[in-house]
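Order of the sequence lines fixes the chain letters, A, B, ..., with proteins taken first and strands second; residue numbering starts at 1 for each chain.
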2 protein chains.
Amino acid sequence: MTTSEVHTPRGPVTRKDVARHAGVSTAVVSYVVNGGPKKVAPATEAKVRDAIRVLGYRPNATARALKMGSNRTLGLVIPDSSNPFWALLGHAVEGAAARRGYALLLTNSDNELDTEMRHIRNFAARQVDGVVLASVVFEPDLVELEGAEIRPVLLNHSAVAPGFNSVGVDLEAGARLAVEHLIGHGHTRIGLAMGITADNNADGREAGWRKALEAAGLPEGPLARDVFDRAGGYAAGQRLLAEPERPTAIFASSDMQAIGLLRAIREAGLSVPEDIAVASFDGSIEAEYSWPALTTVEQPVWEMAEAAVSALVGETRNEAPQHRIFPTQLRVRQSCGCP
Amino acid sequence: MTTSEVHTPRGPVTRKDVARHAGVSTAVVSYVVNGGPKKVAPATEAKVRDAIRVLGYRPNATARALKMGSNRTLGLVIPDSSNPFWALLGHAVEGAAARRGYALLLTNSDNELDTEMRHIRNFAARQVDGVVLASVVFEPDLVELEGAEIRPVLLNHSAVAPGFNSVGVDLEAGARLAVEHLIGHGHTRIGLAMGITADNNADGREAGWRKALEAAGLPEGPLARDVFDRAGGYAAGQRLLAEPERPTAIFASSDMQAIGLLRAIREAGLSVPEDIAVASFDGSIEAEYSWPALTTVEQPVWEMAEAAVSALVGETRNEAPQHRIFPTQLRVRQSCGCP
DNA sequence: CACTGCGATCTACTCGAGTCAACAAAACGC
DNA sequence: GCGTTTTGTTGACTCGAGTAGATCGCAGTG
């Protein structure tokens, strides 16, 4: 029994405990843990490392965050993390953040502006380093963030809000791709199952559908507007099928809507693609496993997430805001009529 | 122009700025913001509230967390947040946490033990108040948490690890429900498309399938083991269909596997439920919109999430760990042969 | 008038870690 | 031998907020 008995602290182990155990000052512990900013003698470093291991010391990230002004955390707001498209986006953003050593606070807005603003305010209070907004977003929200010196990235479809970073896809070009493909199959009455967006009928997908028809000299087919999920697509489908002149092809503004649409078509005793051809937008896995497999416009979700995160954590602070628009790609499967 | 000109601070606004602006001490600002622990005169409170509004003060949650020892954050580890079942669970946990004023750090383990442990360590460093583990989880991991005084909840299928809180469903009873329903349709050769678990062939679903067959005096059908997603179900399906004596019904251990299974069956030129009946486990929305709609054993995901979160943030600190097992419910649709 | 009592407010310390200025000791040059 | 650099270590201050304990002013009482 010696007088230099190890004192096992009861609470969580702090830097101070390590310092005492190793017989050095707290500064040295810091230097060892962070490898800087000052050098430490090898012998001393060994003592400290020993003490850390013995005591099971784990630096308190909260304290570090307070001192450094960053807790290496990003926030993400999406409408509904159980919707496969948003789920994939969330997964991609989480991955991109994790790869850079950032953690991700994920929240659902349920498409409610209040909820979204509450989350944004919460993020601001928590001093996150950046926020990826893929939800409702009205400009007023963003002011909240400015005061808190938090960088936002808009990761939604229509890139609005000049002065803020944004990442999106070329909705119009993508939609044209799909509709032109349907036209290529000989269809002349092509309907649209459109989602509901904040700035209605200003959506690129709708414009793309319209322009593709116009360019081919075709009349505008029927249009049904409903929410962006399976149930919305189902309801929109029922309305489109009830049209006096039924369309022979339908473009859906999301894969989820297409899934609901397929169900509505089947329930009407019709088959895809024989009676009605279908194409949609997003390129989620579910489109691949539906019956028939959906021809869909694929968004480069992983690249988009990567771009959004790098705009937030990059060294590009105080640079001019960037607007990145990614191209889409048509994934041809069976629902359009291809073999 | 007066000498008591407002000094607009350049950095983020702190309590000190508010105090100066309102002509009071920082303590009073604190009392106003938190409504305690000491009373403040109405007139003073008004001054402070004014200053807060004018300056746009937002208390720094990180500093608060350091002082209070809690940052009102929970961690969640799931295998893959883009898998619909985990996505739903994530959504439910996020909701349950948000309702209690907690934020949620979401991470994916991709079924890799190292990744999971890295996340757990990261959670520990960040001093989260609790961790919901719905992933690989070997006991060694949990030791990490003990040292950090963080409460874990195991939210996986098979409730293991005595000494830790856990929330799960009665896998065996659920599987029996489904298989017995298939038996009720007159099937005698019932196969199993089983997922791959850490403790293989100890999974309740497999046991339930076996016991239901045994109880009905039926022979064990063919069994194919593969991963818990669409691709796994597809591969398992192909193997089951290649069996010398093809099963007339198949129970899949997850909805995702069933989706892949349906595809394999269709590609083999067979139809569901005429040639092969299918039932599965989980009760995700995708099962409702598949073709044909899947008969599935529904897990009460929202209740489970609620239970998990309340075990973490509850006042039940230092109580004996709880093990909650929820019952499942059979959702009958068309894939089993029901009209 | 002195004294208590009480409500309102302020001062000062705390949480745990980062880091700079200051300093001691060792190493070097001549 | 003495001055000078180098190397290693430390004490002390900081981040922003919570709150106990001290202090102040004022009303009520004997």
Worksheet item: Phosphate oxygens OP1/OP2 of C:dT9: is one of them under 4.0 Å from a side-chain N or O of B:Thr44?
Response: yes

Worksheet entry | Rounded distance in Å - CG (B:Leu66) to P (D:dG16) | 12 Å

Discussion item. Using the side-chain heavy atoms of B:Ala63, tell me which of these nucleotides is nearest: C:dC10, D:dG16, C:dA17.
Written reply: D:dG16

Response to the item:
A:Lys16 atom NZ is separated from D:dT10 atom P, nearest whole Å, by 15 Å

Item to complete: Give a yes or no on whether a donor-acceptor pair under 3.5 Å exists between the nucleobase atoms of D:dG21, that is its base, and the side chain of B:Lys38.
Response: yes

Discussion item. With nearest nucleotide decided by heavy atoms, which residue, B:Ser25 or A:Val29, maps closer to the 5′ end of DNA chain C?
Written reply: B:Ser25

Worksheet item: Can you find an N or O donor on one side and an acceptor on the other, under 3.5 Å apart, linking the side chain of B:Lys67 with the base of C:dT14?
Response: yes

Worksheet item: What nucleic acid atoms does B:Ala27 come within less than 4.0 Å of, heavy atoms only: base, sugar-phosphate, or nothing?
Response: base

Worksheet entry | B:Lys39 NZ to C:dG5 P, straight-line distance once rounded to whole Å | 20 Å

Item to complete: Send over the distance from B:Asn71 CG to C:dC15 P, rounded to a whole Å.
Response: 18 Å

Item to complete: State which of C:dA17, D:dA17, C:dA8 makes the closest approach to the side chain of A:Pro59.
Response: C:dA17

Fill in: Separation of C:dT14 C1' from B:Arg15 CZ (nearest whole Å)
11 Å

Worksheet item: Does OP1 or OP2 of C:dC15 have a side-chain N or O of A:Thr14 closer than 4.0 Å?
Response: no

Discussion item. Check the phosphate of C:dG18 against A:Arg64, side-chain N and O only, distance under 4.0 Å to OP1 or OP2. Yes or no?
Written reply: yes

Practice prompt. Round to the nearest Å and state the distance from A:Arg126 atom CZ to D:dG16 atom C1'.
Written response: 16 Å

Discussion item. Is there, by distance only and without an angle test, a donor paired with an acceptor across the side chain of B:Tyr31 and the base of D:dA20 below 3.5 Å?
Written reply: yes

Practice prompt. Assign A:Val33 to base, sugar-phosphate, or nothing according to its heavy-atom contacts below 4.0 angstrom with the strands shown.
Written response: nothing

Worksheet item: According to a strict under-4.0 Å criterion, is B:Ser30 in side-chain N/O contact with OP1 or OP2 of D:dA17?
Response: no

Discussion item. Between P on D:dT19 and CG on B:Asn34, what's the gap in Å once rounded to a whole number?
Written reply: 7 Å

Worksheet item: Charged N to carboxylate O below 4.0 Å: is that the case for B:Glu306 and B:Arg100?
Response: yes

Worksheet item: Is there a side-chain contact between A:Val18 and A:His21 (heavy atoms, below 4.5 Å)?
Response: no

Worksheet item: In whole angstroms, how far is the C1' atom of C:dC10 from the NZ atom of B:Lys47?
Response: 13 Å

Fill in: Stepwise side-chain contact (heavy atoms from CB on, under 4.5 Å) check, A:Leu133 with A:Leu154
CA-CA 5 Å; A:Leu133 297 169; A:Leu154 267 37; 4.1 Å; yes

Discussion item. Using a strict threshold of under 4.0 Å (side-chain N to carboxylate O), is an ion pair present between B:Asp50 and B:Arg53?
Written reply: yes

Practice prompt. Apply the side chain to side chain donor-acceptor pair (under 3.5 Å) test between B:Asn122 and each candidate in B:Arg118, B:His119, B:Arg126; give the one that qualifies.
Written response: B:Arg126

